[in-house]
Amino acid sequence: MKHPPKPPRHNLRDLGPIIRRQPAVFAVYLVLRLIVIGTLVSSIIRQEYESAFICLLVLVLFMLPFFIQQNFGIELPSTLEIIILLFIFAAEILGELGCYFITYPHWDSMLHTTTGFLCAATGFALIDILNRNSRIKFQLSPVYVALAAFCFSMTVGVLWEFFEFGMDRVFHMDTQKDTIVHSVTSVMLDPTTSNIPVTIDDITSVAVNGRDLGFDGYLDIGLYDTMADLFVNFIGAVVFSTIGYFYIKHRGRGKIARAFIPTITGEASPSTEPPEAPDAPRE
(Lines give C-alpha, C1' and ligand atoms only; values in the text may rest on other atoms or scores of the structure.)
Protein backbone atom coordinates (compact mmCIF):
# COMPACT_ATOMS: atom_id res chain seq x y z
CA MET A 1 0.00 0.00 0.00
CA LYS A 2 1.44 3.28 -1.09
CA HIS A 3 1.44 6.15 1.32
CA PRO A 4 0.76 9.66 0.02
CA PRO A 5 3.93 11.70 -0.42
CA LYS A 6 4.82 13.87 2.52
CA PRO A 7 4.93 17.63 1.94
CA PRO A 8 8.45 18.99 1.59
CA ARG A 9 10.03 20.12 4.86
CA HIS A 10 11.68 23.49 4.92
CA ASN A 11 15.09 23.82 6.54
CA LEU A 12 17.73 26.46 7.02
CA ARG A 13 18.82 26.18 3.38
CA ASP A 14 15.50 27.77 2.40
CA LEU A 15 16.65 30.96 4.13
CA GLY A 16 19.41 31.56 1.59
CA PRO A 17 17.22 32.87 -1.29
CA ILE A 18 15.15 34.93 1.14
CA ILE A 19 18.25 36.54 2.67
CA ARG A 20 19.64 37.43 -0.77
CA ARG A 21 16.28 38.78 -1.92
CA GLN A 22 15.48 40.72 1.29
CA PRO A 23 18.77 41.65 3.02
CA ALA A 24 17.19 44.53 4.97
CA VAL A 25 14.52 42.22 6.41
CA PHE A 26 17.13 39.69 7.48
CA ALA A 27 19.25 42.39 9.13
CA VAL A 28 16.28 43.68 11.16
CA TYR A 29 15.24 40.12 12.00
CA LEU A 30 18.74 39.19 13.17
CA VAL A 31 19.20 42.28 15.36
CA LEU A 32 15.78 41.96 17.00
CA ARG A 33 16.22 38.23 17.54
CA LEU A 34 19.58 38.73 19.27
CA ILE A 35 18.03 41.36 21.56
CA VAL A 36 15.17 39.03 22.47
CA ILE A 37 17.54 36.11 23.11
CA GLY A 38 19.60 38.35 25.41
CA THR A 39 16.43 39.39 27.25
CA LEU A 40 15.39 35.74 27.52
CA VAL A 41 18.70 34.72 29.11
CA SER A 42 18.55 37.68 31.49
CA SER A 43 14.97 36.80 32.51
CA ILE A 44 15.91 33.20 33.24
CA ILE A 45 18.90 34.28 35.34
CA ARG A 46 16.65 36.62 37.36
CA GLN A 47 14.03 33.83 37.59
CA GLU A 48 11.43 36.01 35.87
CA TYR A 49 9.76 33.10 34.10
CA GLU A 50 6.74 35.06 32.88
CA SER A 51 9.08 37.44 31.05
CA ALA A 52 10.98 34.45 29.69
CA PHE A 53 7.74 33.01 28.32
CA ILE A 54 6.98 36.30 26.56
CA CYS A 55 10.47 36.20 24.99
CA LEU A 56 9.87 32.66 23.73
CA LEU A 57 6.52 33.74 22.30
CA VAL A 58 8.19 36.65 20.48
CA LEU A 59 10.82 34.33 18.99
CA VAL A 60 8.03 32.13 17.62
CA LEU A 61 6.10 35.13 16.26
CA PHE A 62 9.24 36.36 14.50
CA MET A 63 9.09 33.19 12.37
CA LEU A 64 5.50 33.89 11.31
CA PRO A 65 6.31 35.88 8.11
CA PHE A 66 8.78 33.19 6.97
CA PHE A 67 6.19 30.48 7.73
CA ILE A 68 3.52 32.28 5.69
CA GLN A 69 5.80 32.77 2.69
CA GLN A 70 7.07 29.20 2.69
CA ASN A 71 3.77 27.39 3.26
CA PHE A 72 1.10 29.56 1.63
CA GLY A 73 2.92 30.79 -1.46
CA ILE A 74 2.49 34.45 -0.49
CA GLU A 75 5.27 36.98 -0.98
CA LEU A 76 5.44 39.69 1.69
CA PRO A 77 6.99 43.02 0.66
CA SER A 78 10.12 43.92 2.61
CA THR A 79 8.55 47.06 4.08
CA LEU A 80 5.53 45.14 5.38
CA GLU A 81 7.69 42.38 6.84
CA ILE A 82 9.93 44.86 8.67
CA ILE A 83 6.89 46.64 10.11
CA ILE A 84 5.49 43.31 11.35
CA LEU A 85 8.78 42.44 13.08
CA LEU A 86 9.10 45.90 14.65
CA PHE A 87 5.45 45.78 15.74
CA ILE A 88 5.91 42.46 17.55
CA PHE A 89 9.06 43.75 19.25
CA ALA A 90 7.46 47.08 20.20
CA ALA A 91 4.32 45.44 21.62
CA GLU A 92 5.81 42.59 23.63
CA ILE A 93 9.43 43.44 24.48
CA LEU A 94 9.23 47.23 24.77
CA GLY A 95 5.55 47.53 25.67
CA GLU A 96 5.17 44.68 28.15
CA LEU A 97 8.67 43.95 29.47
CA GLY A 98 10.02 47.49 29.08
CA CYS A 99 6.82 49.02 30.53
CA TYR A 100 6.56 51.45 27.60
CA PHE A 101 2.76 51.27 27.91
CA ILE A 102 3.11 53.02 31.28
CA THR A 103 6.16 55.21 30.59
CA TYR A 104 4.90 56.62 27.29
CA PRO A 105 1.14 57.43 27.35
CA HIS A 106 0.70 57.26 23.57
CA TRP A 107 2.63 54.02 23.02
CA ASP A 108 -0.57 51.96 23.07
CA SER A 109 -2.31 54.31 20.64
CA MET A 110 0.62 54.10 18.23
CA LEU A 111 0.50 50.30 18.27
CA HIS A 112 -3.28 50.20 17.76
CA THR A 113 -2.95 52.57 14.81
CA THR A 114 -0.36 50.23 13.32
CA THR A 115 -2.65 47.27 14.03
CA GLY A 116 -5.49 48.92 12.12
CA PHE A 117 -3.15 49.57 9.19
CA LEU A 118 -1.72 46.02 9.16
CA CYS A 119 -5.10 44.33 9.55
CA ALA A 120 -6.50 46.38 6.68
CA ALA A 121 -3.48 45.33 4.60
CA THR A 122 -4.12 41.69 5.50
CA GLY A 123 -7.81 41.83 4.64
CA PHE A 124 -7.07 43.74 1.45
CA ALA A 125 -4.43 41.22 0.35
CA LEU A 126 -6.70 38.23 0.97
CA ILE A 127 -9.46 39.69 -1.18
CA ASP A 128 -7.17 41.08 -3.87
CA ILE A 129 -5.34 37.76 -4.28
CA LEU A 130 -8.68 36.01 -4.78
CA ASN A 131 -9.75 38.81 -7.08
CA ARG A 132 -6.77 38.10 -9.38
CA ASN A 133 -7.11 34.32 -9.24
CA SER A 134 -8.18 33.06 -12.65
CA ARG A 135 -9.86 29.99 -11.12
CA ILE A 136 -12.31 32.13 -9.14
CA LYS A 137 -14.99 33.68 -11.29
CA PHE A 138 -15.69 37.04 -9.74
CA GLN A 139 -14.27 40.53 -10.00
CA LEU A 140 -14.83 42.99 -7.17
CA SER A 141 -14.71 46.74 -7.61
CA PRO A 142 -11.96 48.81 -5.94
CA VAL A 143 -14.53 50.41 -3.61
CA TYR A 144 -15.80 47.02 -2.43
CA VAL A 145 -12.30 45.64 -1.82
CA ALA A 146 -11.30 48.77 0.14
CA LEU A 147 -14.53 48.62 2.17
CA ALA A 148 -14.04 44.91 2.92
CA ALA A 149 -10.45 45.59 4.05
CA PHE A 150 -11.69 48.37 6.33
CA CYS A 151 -14.39 46.15 7.84
CA PHE A 152 -11.90 43.31 8.34
CA SER A 153 -9.55 45.62 10.23
CA MET A 154 -12.29 47.05 12.44
CA THR A 155 -13.62 43.57 13.21
CA VAL A 156 -10.19 42.44 14.38
CA GLY A 157 -9.92 45.60 16.49
CA VAL A 158 -13.29 44.97 18.17
CA LEU A 159 -12.44 41.30 18.84
CA TRP A 160 -9.18 42.39 20.45
CA GLU A 161 -11.07 44.76 22.78
CA PHE A 162 -13.39 41.87 23.66
CA PHE A 163 -10.29 39.86 24.55
CA GLU A 164 -8.90 42.66 26.74
CA PHE A 165 -12.22 43.04 28.54
CA GLY A 166 -12.40 39.29 29.12
CA MET A 167 -8.86 39.18 30.54
CA ASP A 168 -9.64 42.06 32.90
CA ARG A 169 -12.98 40.60 33.97
CA VAL A 170 -11.95 36.97 34.44
CA PHE A 171 -8.29 37.21 35.49
CA HIS A 172 -8.42 40.66 37.18
CA MET A 173 -5.74 42.11 34.90
CA ASP A 174 -5.51 45.68 33.61
CA THR A 175 -5.14 45.33 29.85
CA GLN A 176 -7.70 48.10 29.41
CA LYS A 177 -5.64 50.82 31.03
CA ASP A 178 -7.50 53.26 33.26
CA THR A 179 -7.70 57.01 32.65
CA ILE A 180 -7.84 59.94 35.07
CA VAL A 181 -10.69 62.29 34.14
CA HIS A 182 -11.80 65.51 35.81
CA SER A 183 -15.47 65.47 34.85
CA VAL A 184 -18.19 62.80 34.82
CA THR A 185 -21.78 62.87 33.57
CA SER A 186 -24.32 60.24 34.58
CA VAL A 187 -28.09 59.87 34.96
CA MET A 188 -27.39 57.80 38.09
CA LEU A 189 -26.46 61.06 39.82
CA ASP A 190 -29.96 62.47 39.25
CA PRO A 191 -31.73 62.47 42.66
CA THR A 192 -35.15 62.63 40.98
CA THR A 193 -34.49 59.43 38.98
CA SER A 194 -35.86 61.22 35.92
CA ASN A 195 -33.15 60.03 33.54
CA ILE A 196 -31.58 63.49 33.49
CA PRO A 197 -27.78 63.51 33.12
CA VAL A 198 -25.97 65.28 35.93
CA THR A 199 -22.40 66.53 35.52
CA ILE A 200 -19.72 66.83 38.18
CA ASP A 201 -16.87 69.12 37.10
CA ASP A 202 -13.47 69.98 38.56
CA ILE A 203 -12.89 66.59 40.21
CA THR A 204 -9.58 66.72 42.10
CA SER A 205 -9.69 63.50 44.15
CA VAL A 206 -11.38 60.13 44.35
CA ALA A 207 -11.97 57.90 47.37
CA VAL A 208 -12.99 54.22 47.56
CA ASN A 209 -14.44 52.90 50.83
CA GLY A 210 -13.36 56.11 52.53
CA ARG A 211 -9.75 55.82 51.37
CA ASP A 212 -8.29 58.50 49.11
CA LEU A 213 -6.52 56.84 46.18
CA GLY A 214 -4.18 59.78 45.67
CA PHE A 215 -5.35 60.67 42.16
CA ASP A 216 -6.04 64.22 41.05
CA GLY A 217 -9.30 63.21 39.36
CA TYR A 218 -11.87 60.47 38.83
CA LEU A 219 -10.62 56.98 37.88
CA ASP A 220 -12.21 55.83 34.63
CA ILE A 221 -12.22 52.03 34.28
CA GLY A 222 -11.03 51.29 30.75
CA LEU A 223 -13.72 53.04 28.69
CA TYR A 224 -11.52 55.88 27.43
CA ASP A 225 -8.73 53.43 26.60
CA THR A 226 -11.06 51.15 24.64
CA MET A 227 -12.61 53.97 22.63
CA ALA A 228 -9.20 55.52 21.94
CA ASP A 229 -7.91 52.14 20.72
CA LEU A 230 -10.88 51.69 18.38
CA PHE A 231 -10.55 55.25 17.09
CA VAL A 232 -6.86 54.96 16.18
CA ASN A 233 -7.59 51.50 14.70
CA PHE A 234 -10.20 53.27 12.56
CA ILE A 235 -7.61 55.81 11.41
CA GLY A 236 -5.13 53.10 10.43
CA ALA A 237 -7.82 51.16 8.58
CA VAL A 238 -9.02 54.23 6.68
CA VAL A 239 -5.48 55.17 5.64
CA PHE A 240 -4.66 51.78 4.21
CA SER A 241 -8.09 51.25 2.64
CA THR A 242 -7.64 54.55 0.81
CA ILE A 243 -4.17 53.52 -0.39
CA GLY A 244 -5.55 50.13 -1.46
CA TYR A 245 -8.40 51.73 -3.39
CA PHE A 246 -6.06 53.74 -5.57
CA TYR A 247 -3.76 50.71 -5.87
CA ILE A 248 -6.54 48.68 -7.51
CA LYS A 249 -7.93 51.67 -9.39
CA HIS A 250 -4.61 52.17 -11.18
CA ARG A 251 -3.54 48.50 -10.80
CA GLY A 252 -0.20 48.52 -9.07
CA ARG A 253 1.17 51.91 -10.10
CA GLY A 254 1.33 53.20 -6.53
CA LYS A 255 4.76 52.63 -4.99
CA ILE A 256 3.40 53.14 -1.47
CA ALA A 257 0.75 50.45 -1.84
CA ARG A 258 3.17 47.94 -3.38
CA ALA A 259 5.33 48.25 -0.25
CA PHE A 260 2.50 46.88 1.91
CA ILE A 261 0.42 44.54 -0.26
CA PRO A 262 1.47 40.86 -0.40
CA THR A 263 1.44 39.02 -3.72
CA ILE A 264 1.39 35.39 -4.80
CA THR A 265 4.89 33.89 -5.07
CA GLY A 266 6.11 34.05 -8.64
CA GLU A 267 3.37 36.44 -9.68
CA ALA A 268 4.33 39.09 -12.19
CA SER A 269 4.36 42.67 -11.06
CA PRO A 270 0.82 44.03 -11.13
CA SER A 271 2.09 47.29 -12.56
CA THR A 272 2.39 45.73 -15.98
CA GLU A 273 -0.64 44.45 -17.81
CA PRO A 274 -0.24 41.32 -19.95
CA PRO A 275 0.01 42.06 -23.66
CA GLU A 276 -3.08 41.46 -25.69
CA ALA A 277 -3.08 38.40 -27.88
CA PRO A 278 -2.59 39.18 -31.60
CA ASP A 279 -5.59 38.88 -33.84
CA ALA A 280 -5.94 35.57 -35.57
CA PRO A 281 -5.07 35.70 -39.29
CA ARG A 282 -8.05 35.83 -41.53
CA GLU A 283 -8.49 33.04 -44.02
Side-chain angles (χ1 to χ4, degrees), residues 18 21-22 24-25 61 64-88 90-91 109-163 226-277:
I18 296 179
R21 189 169 64 251
Q22 298 176 310
V25 173
L61 292 176
L64 187 60
F66 173 73
F67 176 81
I68 292 175
Q69 294 185 98
Q70 291 296 103
N71 293 276
F72 294 96
I74 295 176
E75 186 73 23
L76 300 179
S78 297
T79 303
L80 178 62
E81 197 165 348
I82 290 174
I83 290 177
I84 292 174
L85 294 174
L86 292 176
F87 174 81
I88 296 171
S109 297
M110 179 195 70
L111 292 179
H112 276 279
T113 306
T114 307
T115 301
F117 189 90
L118 291 178
C119 288
T122 302
F124 183 93
L126 292 174
I127 299 173
D128 192 47
I129 287 174
L130 293 176
N131 222 18
R132 299 202 304 267
N133 194 323
S134 59
R135 292 176 296 180
I136 300 176
K137 305 300 182 182
F138 68 86
Q139 189 69 28
L140 303 179
S141 68
V143 173
Y144 186 89
V145 176
L147 180 61
F150 169 79
C151 292
F152 179 86
S153 176
M154 292 304 300
T155 300
V156 172
V158 170
L159 292 176
W160 177 256
E161 295 304 321
F162 286 170
F163 169 78
T226 297
M227 296 310 299
D229 290 347
L230 290 176
F231 182 73
V232 295
N233 190 105
F234 169 85
I235 293 175
V238 167
V239 170
F240 186 86
S241 298
T242 303
I243 294 174
Y245 168 80
F246 288 105
Y247 170 83
I248 293 184
K249 189 74 173 177
H250 303 290
R251 186 35 72 190
R253 295 178 189 171
K255 294 182 180 180
I256 296 179
R258 288 203 304 271
F260 298 104
I261 297 178
T263 57
I264 301 174
T265 302
E267 183 182 47
S269 174
S271 59
T272 58
E273 297 292 340
E276 295 182 0

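As the structure is a prediction and not an experimental result, all values here were calculated from the model.
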Go through S153 and N233 one step at a time and tell me if the side-chain contact (heavy atoms from CB on, under 4.5 Å) criterion holds. CA-CA 8 Å; S153 176; N233 190 105; 3.4 Å; yes

One pair to check against side-chain contact (heavy atoms from CB on, under 4.5 Å): Y245 and V145. What are the steps and the verdict? CA-CA 7 Å; Y245 168 80; V145 176; over 6 Å; no

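Screening L76, I74, L64 against Q69 for a side-chain contact (heavy atoms from CB on, under 4.5 Å) leaves a single residue, L76.
At least one side-chain heavy atom of H112 sits less than 4.5 Å from a side-chain heavy atom of W160.
Atoms CD and CD1, on E75 and I68 in that order, are 12.0 Å from each other to the nearest 0.5 Å. Taking CG of D229 as the reference point, atom OG of S109 lies at 6.0 Å (rounded to 0.5 Å). In this structure, the separation between CZ on F67 and CD on Q70 is 10.5 Å, given to the nearest 0.5 Å. Atom CG of L230 is separated from atom CD1 of I235 by 11.5 Å, given to the nearest 0.5 angstrom. The distance from the CD1 atom of I127 to the CD1 atom of I248 is 8.5 Å, given to the nearest 0.5 Å. Taken from OG1 in T226 to CZ in F162, the straight-line distance is 10.5 Å, to the nearest 0.5 Å.
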Just list the side-chain donor-acceptor pairs under 3.5 Å for residues 115-124, sequence neighbours left out, or say none.
from	atom 1	to	atom 2	distance (Å)
T115	OG1	L111	O	2.9
T122	OG1	L118	O	2.9

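By the ring pair (Phe, Tyr, Trp, His ring centres under 6.0 Å) test, Y144 is found to be paired with no residue, residues two or more places apart in sequence or in another chain being considered. Partners of S78 by side-chain hydrogen bond (donor to acceptor under 3.5 Å, both in side chains), not counting sequence neighbours, listed by chain and number: Q22. In terms of the side chain to side chain contact (heavy atoms under 4.5 Å, CB included) criterion, residue partners of F234 (sequence neighbours excluded) are, by chain and number, F150, M154, V238. Partners of L86 under the side chain to side chain contact (heavy atoms under 4.5 Å, CB included) rule, at least two apart in sequence or in another chain, are V28, L32, I82. Remark: F87 pairs with no residue by the ring pair (Phe, Tyr, Trp, His ring centres under 6.0 Å) rule, at least two apart or across chains.
When atom types are taken as modelled, the side chain of T155 and the backbone of C151 share a donor-acceptor pair closer than 3.5 angstrom.
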